[in-house]
Q: 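Okay, here's the structure, questions in a sec.
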Amino acid sequence: MSDANPHQNRGVDRMLVRIEHLDKLLNLAGEVIITSSTLHELQRDMVDAVTNHRPMTEGDLQIIKSADESSARISQDLHDLVMAIRMVEIGETFKLFRRPVRDLARNLKKDIELKFEGDKVLVDKALAERLVEPVLHMLRNAADHGLETPIERLHAGKNETGIILLRAIEHEHETEIIISDDGRGIDEEKIYERARKQGYLRPNEHPDLLHILCASGFSTKERATDTSGRGVGLDLVSTMVAEFSGTISLENVPKQGFTIRLNIPKLKAVNIIDALIVRCNDTLYALSIDQVVSLQGLKLDQIQASMDRDRFIKYLGTPIPLFDLSELLGSETTRLDNPEVVPVVIIEGKKDTIACIVSEFLAPSKLVNVPLAKDMFNQEALGIAGTCIISGGRVGMTVDINTTVAKAVGAPLGPDEGHGDAASFSDDSQTHEEVAVAFGTSIPTSTAVRHTQDELVAKSKLSAQRDRIAARMEETSQKDLSDTDITDLLTELSRGLMELQDVLLSLENDKDSELMKEAFRRLHAAKGNFTMLGVTASANLAHKLETLLDHVRKDQIEMSQELMDTMLDGVSELNLATKTLPKSVPADNEALLERIEATMRTLDKDETITDPDQLLGTTFTLVPTVELQLLGALKQGSQAYETFIRFKPGRQAEFLIAYLTLRKLCYHGTILSTLPSIADIENGHCGLAIKVLWASPLKPDELKNAIDRWAPLFNIAEHQSLPTTVFRYDANAEI
């Protein structure tokens with residue numbers, strides 16, 4: 001029997017598609033069929049006309065014109081529809097940052113509020129995915145470097161809660177992403193001073209602030225921390241923005257805040273370009289229209305040369321270097337059809353503009369680029385992005401203008417340049433869900449995910465259980481679920497868990513009943529889906545999280561930050577399972593389950609005991625700090641007592657009499673623990689009796705006489721005090 005998993009190579013990279021887009025696609029498919037039928041009839045008429053030597057009629061010409069117009073319109077509509085299908089709301093990406101910023105605020109001991117604006121702005125899926133890690137770095141910088149501590153903010157006259165604003169603005173040709181904070185801003189002189197100290201600047205050099213902050217390895221911190229200080233944040237941002245041919249700008253207002261703006265051109269539909277076709281010798285090249293500045297037919301005397309540059313021409317009074325396009329792309333020198341007129345195309349890269357000699361200008365055209373594999377290029381042919389089919393069935397080469405211009409002027413190539421323009425010709429295959437695999441304080445890379453799985457596998461004592469779960473998973477998927485079913489379940493799980501995290505983060509500050517219901521629905525659905533997949537460990541974890549949430553709903557547990565951490569870590573663990581299934585079936589995360597069990601034990605321990613008879617039979621539990629207090633009191637000659645006090649009903653509120661009685665006991669010794677607890681008594685959860693564990697220097701008779709003297713004043717019906725050594729320790733309590 002083969003050990004290979006039939007599902008292990010299956011991916012779950014999918015997108016939600018709107019019904020309206022599917023309807024449009026069906027309508028366009030119908031129009032394509034109609035146009036195809038019209039062209040077929042036209043082709044038959046033309047064959048008949050040629051065979052019978054019959055001239056084309058006015059009706060035939062009108063049909064040709066109509067078919068041409070329909071074909072052009074359908075092509076454009078398909079182009080626009082593909083682009084619309086790829087668009088996603090950027091708010092889905094923004095939501096991924098709520099958990100990291102929350103955890104950053106806790107780790108840095110700062111009050112931080114993350115606000116969103118423009119979360120309905122639509123961006124290309126590839127951009128939404130690539131934004132995650134760079135924006136996360138900028139949010140970390142804002143939280144760590146920019147925002148002050150609460151006491152610093154109050155001293156500066158600000159609200160103690162720092163604000164980070166993540167905003168998206170849609171312009172006609174670009175999308176603007178803004179990350180701003182109302183913190184301390186940047187001391188620019190200190191930045192320059194540190195840059196000189198680290199060797200990034202010469203003594204009297206004063207470049208642009210952005211140039212320094214984006215330098216690889218530069219950091220304003222003396223020592224790296226878990227949050228920042230390694231000098232990769234803005235360097236990573238600038239690399240991502242460059243891949244999309246965008247720009248970065250900074251706004252710094254000392255003591256008021258810092259803003260980073262990312263302006264990224266709107267992407268065209270994948271691999272579809274509007275291009276100018278040019279010919280060099282017998283080869284056709286496609287140049288993106290957006291980067292073509294001008295076409296020139298020059299006489300030989302208009303081409304100039306100087307000692308510091310080979311050849312150049314003047315365009316609008318500005319000298320522009322002149323190159324041979326064919327030679328730049330690793331081919332032979334371009335031959336001119338008419339030696340007296342030189343066809344020149346002026347093209348613009350990211351930072352430079354050059355002119356290129358070609359043999360002939362051909363017509364502009366809309367093309368589909370077919371990217372070539374990276375290993376097909378050698379250094380001489382850098383600048384070829386792929387191939388394309390030009391009208392008439394001819395094959396052409398698409399040119400990566402950014403790489404070609406950089407190669408011509410001798411500029412250094414970026415890590416991804418030379419094999420096609422990422423913004424125009426490629427599709428990033430990394431999914432939104434893979435980037436946000438665990439919703440943690442840092443969004444892990446695939447390496448981190450593999451490392452987490454290695455740690456789970458390393459727990460040898462769980463291997464037998466994992467094998468049983470895997471066998472059940474295999475049996476379930478083979479007998480009941482198809483490959484498509486499993487993929488759909490995992491996709492639904494991943495999306496639902498992302499939404500569950502967002503609901504939980506909202507619940508932390510607002511225990512809204514509708515949010516609570518939504519959280520229960522999401523958890524219950526996750527439990528059901530994991531059960532269908534036969535993944536017992538994940539289904540069991542979802543059930544335990546559901547139980548915890550039920551206690552919160554019933555006001556039996558407070559939604560504290562610690563409890564929210566447990567809930568969010570549980571959701572992260574479930575989401576991690578969706579990334580490894582079905583190739584690797586998760587086992588129980590023992591550390592996480594122990595945290596949940598500890599919370600449940602706390603729930604049991606905190607149940608208020610008010611019945612006098614039940615109080616008499618309850619043994620005190622000492623945490624280590626109370627134990628130290630008791631040992632100190634015994635060392636000084638005191639005696640440990642259990643004192644039981646019952647009150648008369650009806651005269652005053654029981655919790656008030658109990659509280660005053662405890663204060664009176666403090667004059668005679670040290671109170672170590674009470675039943676009910678001090679917190680319960682202060683909150684009014686108290687019956688007609690209390691039980692006190694305390695240490696007093698009084699002898700038993702002295703203690704009885706002391707309580708007898710003031711018992712009438714405190715409505716005490718009876719009391720007993722016995723020396724004791726009967727108590728137990730809470731091994732899970734922290735000092």
Side-chain angles (χ1 to χ4, degrees), residues 91 93-119 132 134-168 177-187 219-221 223-229 233-234 250-260 436 438-443 501-512 515-516 519 552 557-569 571-572 595 599 679 734:
T93 300
F94 284 178
K95 288 179 182 178
L96 295 176
F97 304 120
R98 294 186 65 186
R99 168 82 188 276
V101 170
R102 171 191 177 272
D103 293 341
L104 277 172
R106 292 196 62 191
N107 293 338
L108 297 171
K109 304 296 188 295
K110 296 179 179 179
D111 292 334
I112 302 176
E113 181 181 357
L114 178 63
K115 292 185 176 182
F116 301 141
E117 290 184 9
D119 49 348
V132 173
V135 171
L136 182 61
H137 276 283
M138 290 185 284
L139 293 175
R140 284 176 176 160
N141 285 341
D144 196 10
H145 299 282
L147 295 178
E148 310 93 334
T149 61
I151 193 169
E152 286 180 295
R153 294 181 63 84
L154 289 175
H155 182 71
K158 300 180 180 180
N159 188 291
E160 61 186 284
T161 300
I163 303 296
I164 299 178
L165 175 63
L166 191 51
R167 184 182 184 192
I177 309 296
I178 302 173
I179 302 95
S180 62
D181 65 76
D182 64 347
R184 59 173 64 92
I186 288 180
D187 188 330
S219 175
T220 58
K221 282 204 165 187
R223 183 177 301 175
T225 66
D226 292 339
T227 305
S228 61
L234 277 174
L250 307 178
E251 295 177 16
N252 178 45
V253 182
K255 300 182 180 180
Q256 294 186 33
F258 186 72
T259 299
I260 300 177
F439 316 122
T441 55
S442 60
I443 298 183
Q501 176 191 256
D502 199 52
V503 172
L504 288 175
L505 288 169
S506 299
L507 266 177
E508 185 174 26
N509 299 317
D510 181 11
K511 193 179 172 184
D512 180 76
L515 287 174
M516 187 69 71
V552 174
I557 306 179
E558 180 186 359
M559 182 59 85
S560 62
Q561 288 188 336
E562 290 74 16
L563 179 59
M564 179 56 70
D565 288 341
T566 300
M567 295 290 298
L568 291 173
D569 289 344
V571 175
S572 297
R595 287 167 58 188
T599 303
E734 297 181 358

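We number each residue from 1, following the sequence as shown.
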Q: Hey, does Met567 have a side-chain heavy atom less than 4.5 Å from the side chain of Val552?
A: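 No, too far: nothing below the 4.5 Å cut-off.
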Q: Side chains of Asn141 and His145, heavy atoms from C-beta outward: is any pair under 4.5 Å?
A: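 Yes, close enough: below the 4.5 Å cut-off.
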Q: Gln561: what forms a side chain to side chain donor-acceptor pair (under 3.5 Å) with it, not counting sequence neighbours?
A: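 Gln561 satisfies side chain to side chain donor-acceptor pair (under 3.5 Å) with Arg106 only.
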Q: Measuring from Asp569:CG to Asp103:CG, what's the distance to the nearest 0.5 Å?
A: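 Separation between the atoms: 7.5 Å.
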Q: Tell me, do Ile178 and Leu165 make a side-chain contact under 4.5 Å, heavy atoms counted?
A: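 A side-chain contact under 4.5 Å is absent here.
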Q: Of the non-hydrogen atoms in Met564 and Leu504, which two are nearest, and what is the gap between them?
A: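 Heavy atoms of Met564 and Leu504 come nearest at CE-O, 2.9 Å.
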Q: Would you give the length of the straight line joining atom CG of Leu563 to atom CZ of Arg595, rounded to the nearest 0.5 angstrom?
A: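 Rounded to the nearest 0.5 Å, the CG-CZ separation comes out at 10.0 Å.
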Q: Which is it for Gln501 and Leu568 under the side-chain contact (heavy atoms from CB on, under 4.5 Å) test, yes or no, and what are the steps along the way?
A: CA-CA 7 Å; Gln501 176 191 256; Leu568 291 173; 3.9 Å; yes
Q: Mind checking the CD-CD1 spacing from Glu113 to Ile164? Nearest 0.5 Å is all I need.
A: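 With rounding to 0.5 Å, CD (Glu113) is 10.5 Å from CD1 (Ile164).
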Q: Which heavy atom of Leu136 sits nearest a heavy atom of Pro100, and at what distance?
A: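 Shortest heavy-atom separation between Leu136 and Pro100 comes out as CD1-CB, 3.7 Å.
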Q: Specify the closest pair of heavy atoms between Leu114 and Leu166, including all atoms of both residues, with the distance to one decimal.
A: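 Smallest heavy-atom distance, with atoms named: CD1-CB, 4.5 Å.
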Q: Is there side-chain contact between Ser506 and Arg98, with heavy atoms separated by less than 4.5 Å?
A: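 Ser506 vs Arg98: side chains touch.
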Q: Looking at Lys95 and Asp502, would you say the former's side chain and the latter's main chain have a donor-acceptor pair under 3.5 Å?
A: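 No.
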Q: Who pairs with Arg184 by side chain to side chain donor-acceptor pair (under 3.5 Å), at least two apart in sequence or on another chain?
A: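 Testing Arg184 for side chain to side chain donor-acceptor pair (under 3.5 Å), a comparison that skips the adjacent residues, returns Glu152.
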Q: Apply side chain to side chain donor-acceptor pair (under 3.5 Å) to Gln256 and list each qualifying residue two or more places apart in sequence or on a separate chain.
A: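 Listed in chain order: nothing, the list is empty.
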Q: With a 4.5 Å cut-off on side-chain heavy atoms, are Arg153 and Asp182 touching?
A: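 They are in side-chain contact.
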Q: Return the set of residues passing ring pair (Phe, Tyr, Trp, His ring centres under 6.0 Å) with Phe94 (not counting sequence neighbours), or none when no residue passes.
A: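 Per chain and number, Phe94 pairs via ring pair (Phe, Tyr, Trp, His ring centres under 6.0 Å) with Phe116.
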Q: Going by side-chain contact (heavy atoms from CB on, under 4.5 Å), name the residues that satisfy it together with Pro254, two or more places apart in sequence or in a different chain.
A: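 Expected list: Asn252.
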Q: So does Ile163 get a backbone contact from the side chain of Lys115, meaning a donor-acceptor N/O pair under 3.5 Å?
A: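 No, the answer is negative, given that no donor and acceptor are paired below the 3.5 Å cut-off.
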Q: With the side chain counted from C-beta on, respond yes when Met138 and Asp181 share a heavy-atom pair under 4.5 Å apart, and no when they do not.
A: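 Heavy-atom side-chain distance check fails, nothing below 4.5 Å.
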Q: Can you check whether Lys109 reaches Thr149 side chain to side chain, under 4.5 Å on heavy atoms?
A: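 No, every pair of side-chain atoms sits at 4.5 Å or beyond.
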Q: Kindly write out the residues that satisfy side chain to side chain donor-acceptor pair (under 3.5 Å) with Lys158, not counting sequence neighbours, or none if the list is empty.
A: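 Only Glu148 meet the side chain to side chain donor-acceptor pair (under 3.5 Å) criterion with Lys158.
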Q: At their closest point, which heavy atom of Ser180 faces which heavy atom of Thr259, and how far apart are they?
A: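 Heavy-atom minimum between the residues: CB-OG1, 3.2 Å.
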Q: Do Phe258 and Ile179 touch side chain to side chain, with heavy atoms closer than 4.5 Å?
A: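 No, side chains not in contact.
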